[in-house]
Amino acid sequence: MGRIFNFAAGPAVLPEEVLQEAAAEMLDYKGTGMSVMEMSHRSKPYQQIIDEAEADIRELMNIPDNYKVLFLQGGASQQFAMIPMNLMKNKKAGFVVTGQWAKKAYQEAKIFGEAVELASSADKTFSYIPDCSDLAITDDMDYVYICENNTIYGTKYKTLPNTKGKTLVADVSSCFLSEPVDVSKYGVIYGGVQKNVGPAGVVIVIIREDLITEDTLPGTPTMLKYKIHADNGSLYNTPPAYGIYICGKVFKWLKKMGGLTVMQELNQRKAKILYDFLDESKLFKGTVVKEDRSLMNVPFVTGNEEIDAKFVKEAKAAGLESLKGHRSVGGMRASIYNAMPIEGVEKLVEFMRNFEKENA
Ligand SMILES: *Cc1c(COP(=O)(O)O)cnc(C)c1O
């Protein structure tokens with residue numbers, strides 16, 4: 001039995017090395033005689049795991065000292081509520097709606113205050129990023145919210161919005177650690193890790209310290225206060241301990257690969273192979289405007305649902321897994337995250353080329 005190339009959007013491919021290491025440590029983590037899954041989160045070995053994970057992500061992303069790194073639960077979706085509960089002091093925030101995840105965050109925020117749609121690309125099935133150079137941001141807005149890489153539609157901001165001095169909050173679930181970022185431009189960067197970092201169950205929140213206050217909206221549950229988790233080093237209650245351990249291993253793998261600049265170059269190379277083919281193909285077409293293409297999620301269509309279905313089926317038989325597009329876009333989507341080897345993309349393009357010949 002061999003491993004397939006997994007193009008799933010999330011949960012998604014993880015580095016094989018990381019899985020092998022975890023397998024080797026499954027029964028006896030570094031002489032403790034137990035698995036990390038069985039270990040107290042208050043134990044010394046576990047404290048070392050979470051401390052190292054934090055130190056490594058700080059190094060990888062060059063996170064300034066006045067930011068906290070929180071390892072939380074509830075997925076990215078829980079942040080849709082947690083962000084307004086903690087940040088909406090004036091009960092007003094602006095949202096750029098570039099897809100389903102941004103829309104869900106926008107709708108959830110409406111439970112807590114006035115959520116204003118500043119721009120949207122819904123008019124063209126979210127196939128582009130709207131111009132965000134002069135948004136109607138008002139002085140009473142607590143923050144401006146974006147989804148930086150749109151997993152379903154395959155778009156990515158190439159420049160951040162002009163927030164006119166307001167705090168920028170970004171969901172980076174599907175582009176987390178795919179390229180270097182300037183953390184100081186954001187108030188909050190967060191992501192569910194199951195797209196590009198680790199196993200489902202962990203969400204990482206990088207938040208500027210001045211945004212962590214006691215002053216949350218009335219009725220905010222204890223577990224949904226950033227301050228509680230920040231004050232307790234993400235160990236207020238039992239954290240998603242095993243997931244954090246795997247994230248830590250992925251951070252070490254990324255460091256070994258050469259860090260985020262190297263990953264960006266690799267991701268650009270991988271994406272170029274696929275986009276170049278899509279641009280010359282007579283059968284397959286990318287669905288996103290060129291300027292806003294994601295390096296991570298690449299949706300494409302043939303324009304014929306039957307041929308799309310045939311492609312997905314035959315690709316699967318050839319060891320190219322989970323290429324079916326999201327139901328709202330149709331067609332196909334190849335998610336080519338950090339851990340997707342370049343050989344996987346090459347094999348996909350070779351398969352597409354042959355499929356095109358046979359189905360012309
Ligand atoms: C998958 C995804 C989410 C939702 O993540 P959950 O962890 O399932 O809540 C939110 N935002 C983006 C950009 C995603 O890709």
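Indexing begins at 1, ligand by ligand and atom by atom, following the structure's order. Quick caveat: nothing in here was measured; it's all calculated off a predicted structure.
Between Ile50 and Gly233 the shortest heavy-atom distance is CD1-O, 4.2 Å. Taking every heavy atom of both residues into account, Ala22 and Tyr242 meet most closely at CB-OH, 3.8 Å.
For atom 11 (N) of ligand 1, the closest non-hydrogen atom of the protein is Asp171 OD2, 2.6 Å. Scanning the protein for heavy atoms near atom 1 (C) of ligand 1, the closest one is Lys195 NZ, 1.4 Å. Residue, atom and distance of the protein heavy atom nearest to atom 9 (O) of ligand 1 are Ser77 OG, 2.6 Å.
The residue Lys104 has no part lying near ligand 1, judged by heavy-atom distances below 4.0 Å. Only the side chain of Cys147 comes within contact range of ligand 1, with a heavy atom under 4.0 Å; no backbone atom does.
Atom 3 (C) of ligand 1 has its nearest heavy-atom neighbour, among Trp101, Phe176, Tyr190, in Trp101.
Residue pairs meeting the ring pair (Phe, Tyr, Trp, His ring centres under 6.0 Å) criterion with at least one member in residues 22-61, sequence neighbours excluded: Tyr29-Tyr245.
Thr220 places no side-chain N or O within 3.5 Å of a backbone atom of Lys225 that could act as its donor or acceptor partner.
The closest approach between a heavy atom of Gln194 and any atom of ligand 1 is below 4.0 Å.
A donor atom on one side chain and an acceptor atom on the other are not found under 3.5 Å apart for Asn304 and Thr302. Side chain to side chain, Tyr337 and Asn6 fail the donor-acceptor criterion of an N or O pair below 3.5 Å. In summary, the side chains of Thr155 and Asn150 do present a donor paired with an acceptor at a separation below 3.5 Å, with no hydrogens or angles considered.
Not one N or O of Gln78 is nearer than 3.5 Å to an N or O of ligand 1, by distance alone. For ligand 1, the polar-atom distance check against Ala76 finds a nitrogen or oxygen pair separated by under 3.5 Å. Residue Thr151 has at least one nitrogen or oxygen atom sitting less than 3.5 Å from a nitrogen or oxygen atom of ligand 1, judged on distance alone.
Paired with Lys249 under the rule salt bridge (Lys or Arg N to Asp or Glu O under 4.0 Å), one option of Glu52, Glu21, Glu16 passes, and it is Glu21.
Short contacts between ligand 1 and Gly75, defined as distances under 4.0 Å to a heavy atom of the residue, involve ligand atoms 7 (O), 9 (O).
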